[in-house]
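Can you keep this structure in mind? I'll have questions shortly.
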Amino acid sequence: MGPIRPHKKSRTGCKTCRGRRVKCDEVHPICSNCARRELTCVYDPPPRIEVQSLLSTPTPPPKPESPSYAFLNLFSIPPSPHPVFSHLDLTRLELFHQYSTETYRSFSNHEPWLPVWRDAVPKLCIEYPFVLYATLAISALHLSVKHSAKDPRRSQHYQVLATSYYNEASFALREALPRRQSLEPNALFVTSSFIAIYVFACPAVAERHGSPRALTWLPVLRGIPALVSGNWDNITDGLAPPLRHAPQHAPSESRSSLPPLPPLHQLTDGVEDEADKIAYTDAIKALEMAYSMHQRVSEQFWVAAAFVWPVKIPEGFIKLLIRHEPRALVLLAHYGAMFSKLQGFWWIGSRAREELEIIERIVGEDWTKVWLGWVRGVVDGRITNSGLS
């Protein structure tokens with residue numbers, strides 16, 4: 001056995017690593033060691049830095065007889081014994097800057113609605129901690145995805161941050177739910193939307209036991225209407241586009257290239273259980289409605305239209321998905337094809353292709369050949385609204 005290489009002790013690592021006498025990589029707010037072992041990660045508070053010490057040439061106070069001294073006296077108040085900020089949290093500032101300059105553009109493809117996401121969400125962060133944590137989580141996740149290809153270590157750093165703030169947001173939201181009726185509807189909608197997008201996009205939410213990732217985020221997405229139940233009319237239009245007010249026919253230049261949904265009613269042939277048959281039928285009708293809406297409305301409503309189906313399908317259909325029933329997975333694949341037309345959003349990416357490949361493996365060659373050829377053509381770009389290409 002070779003000699004043990006000593007390493008320089010870190011005095012700025014987390015207390016947990018120092019107690020275990022292992023090297024800490026000092027990733028904030030949770031180091032990689034603690035994140036991997038699911039341990040509590042605690043750092044020493046940073047040393048207090050006096051602002052005056054940062055100035056190379058301190059400005060002398062005005063003389064008592066000067067006009068500026070008299071002016072300042074008008075506003076003199078005793079210093080607070082409990083300062084609001086003991087130190088600047090540069091990590092949060094970085095993530096907040098990321099949101100306000102780039103991430104806010106991730107939730108709509110309609111330019112006039114973007115200022116609502118840019119301006120309204122930070123105001124909600126000031127009042128509601130769960131909005132703040134959810135915003136920091138989605139910004140950190142955005143940076144993680146952004147750096148995943150060129151800088152995996154940096155991407156992992158932001159992924160750890162995203163997970164930490166996601167947990168904080170979930171906890172804070174659960175704490176606030178008992179007084180839901182007194183909360184701002186926009187705050188509930190933004191937070192639940194960010195949580196749903198996080199689960200939808202997070203690479204750490206890997207497929208479980210070979211299941212499509214949709215089985216993880218569908219329940220979260222279905223919970224949004226229940227969370228803001230009775231308050232939809234009070235949510236700002238730019239945050240939740242009112243599809244009921246969408247134009248019935250989009251101009252030809254802004255129509256989607258998503259082709260019409262093929263006939264799927266024969267999929268229920270051979271289903272003996274009556275409850276299952278009703279669940280399949282209702283899911284097919286909801287999918288037809290979602291496709292029709294996507295093709296009818298203008299581009300700014302496409303994202304909203306893509307999330308209509310999950311909230312319309314019956315609970316019985318979710319159970320069929322969990323059981324990996326081939327018919328249910330075929331319908332899920334047809335729904336996923338809609339996301340192939342929304343790949344410009346970082347949190348969607350190649351989700352349609354990834355989900356289709358998982359579903360093809362589960363249902364097998366026969367179901368794939370009969371029922372998934374159309375979906376594969378749409379995802380690969382060979383089938384469009386103008387036919388085969």
Side-chain angles (χ1 to χ4, degrees), residues 26-31 35 41-43 45-49 51 54 82-109 111-148 151 153-176 183-204 235-236 238-240 303 345-348:
E26 302 180 26
V27 173
H28 284 66
I30 303 177
C31 75
C41 189
V42 180
Y43 283 93
R48 186 184 179 93
I49 300 176
V51 175
L54 300 178
H82 304 292
V84 177
F85 298 106
S86 60
H87 64 280
L88 288 177
D89 188 333
L90 296 182
T91 298
R92 291 189 184 186
L93 287 176
E94 177 195 13
L95 297 179
F96 212 75
H97 177 266
Q98 166 64 26
Y99 179 85
S100 61
T101 57
E102 189 174 353
T103 302
Y104 80 92
R105 305 185 67 87
S106 307
F107 314 111
S108 176
N109 51 0
E111 198 69 29
W113 289 338
L114 291 177
V116 179
W117 285 98
R118 183 193 63 207
D119 301 336
V121 172
K123 291 179 182 177
L124 293 170
C125 289
I126 296 172
E127 187 172 356
Y128 299 100
F130 52 83
V131 181
L132 172 62
Y133 292 133
T135 303
L136 296 174
I138 208 68
S139 299
L141 183 61
H142 189 184
L143 285 170
S144 178
V145 172
K146 184 176 179 180
H147 293 290
S148 58
D151 194 344
R153 182 177 175 85
R154 191 176 182 188
S155 175
Q156 177 63 23
H157 164 70
Y158 288 119
Q159 178 60 68
V160 171
L161 288 175
T163 302
S164 175
Y165 286 124
Y166 167 79
N167 292 334
E168 293 275 10
S170 300
F171 178 79
L173 184 59
R174 284 195 299 270
E175 290 284 297
L183 299 176
E184 167 70 46
N186 283 333
L188 293 173
F189 177 80
V190 167
T191 303
S192 54
S193 297
F194 283 175
I195 288 175
I197 291 173
Y198 177 93
V199 177
F200 184 96
C202 183
I235 296 176
T236 304
L239 298 177
V303 176
F345 292 91
W346 64 267
W347 50 274
I348 293 177

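Throughout, residue positions are numbered sequentially from 1 according to the sequence presented.
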- Message: Are Phe194 and Val121 packed together at the side-chain level, in the sense that at least one heavy-atom pair is separated by less than 4.5 angstrom?
- Response: yes

- Item | Non-neighbouring partners of Arg154 that pass salt bridge (Lys or Arg N to Asp or Glu O under 4.0 Å), sequence neighbours left out | none

- Task: Mind running side-chain contact (heavy atoms from CB on, under 4.5 Å) on Leu132 and Phe96 for me, showing each step along the way?
- Result: CA-CA 9 Å; Leu132 172 62; Phe96 212 75; 4.1 Å; yes

- Under the side chain to side chain donor-acceptor pair (under 3.5 Å) rule, collect the residues that match up with Ser139, sequence neighbours excluded. none

- Between Thr163 and Tyr198, is any pair of side-chain heavy atoms under 4.5 Å apart? yes

- Message: My understanding is that only residues two or more places apart in sequence, or in another chain, count here; which of them pass ring pair (Phe, Tyr, Trp, His ring centres under 6.0 Å) with Phe130?
- Response: Tyr128

- Enter the distance from Asp151:CG to Gln156:CD here, rounded to the nearest 0.5 Å. 11.5 Å

- By side chain to side chain contact (heavy atoms under 4.5 Å, CB included), which residues pair with Ile197, not counting sequence neighbours? Phe107, Ile138, Trp347

- Of all residues at least two apart in sequence or in a different chain, which pass the side chain to side chain donor-acceptor pair (under 3.5 Å) check with Ser106? Trp346

- Those residues that, when tested against Tyr133, pass side chain to side chain donor-acceptor pair (under 3.5 Å) (two or more places apart): none

- Query: Can you name the residues that form a side chain to side chain contact (heavy atoms under 4.5 Å, CB included) with Ala140, not counting sequence neighbours?
  - Reply: Leu95, Leu161, Ala162

- Note on the structure: Applied to residues 124-148, the salt bridge (charged side-chain N to carboxylate O under 4.0 Å, His left out) test, sequence neighbours excluded, yields Glu102-Lys146

- Task: Using the side-chain contact (heavy atoms from CB on, under 4.5 Å) rule, take Phe200 and Ile348 through it: C-alpha gap first, then chi angles, then the decisive distance, then the call.
- Result: CA-CA 8 Å; Phe200 184 96; Ile348 293 177; 4.1 Å; yes

- By side chain to side chain donor-acceptor pair (under 3.5 Å), Ser170 pairs with (sequence neighbours left out) none

- Task: Supply the atom-to-atom distance Leu136 CG to Ser164 OG, rounded to the nearest 0.5 angstrom.
- Result: 9.5 Å

- Task: With sequence neighbours left out, write down each residue that passes ring pair (Phe, Tyr, Trp, His ring centres under 6.0 Å) with Tyr104, or none if nothing qualifies.
- Result: none

- Nearest non-hydrogen partners of Ser100 and Arg118, listed with the distance: O-CG, 4.0 Å

- Item | Check: Thr103 and Trp117 side chains under 4.5 Å, non-hydrogen atoms | no

- Enter the distance from Leu141:CG to Gln98:CD here, rounded to the nearest 0.5 Å. 10.5 Å

- Note: Thr191 and Ala134 closest approach over all heavy atoms is CG2-CB, 4.0 Å

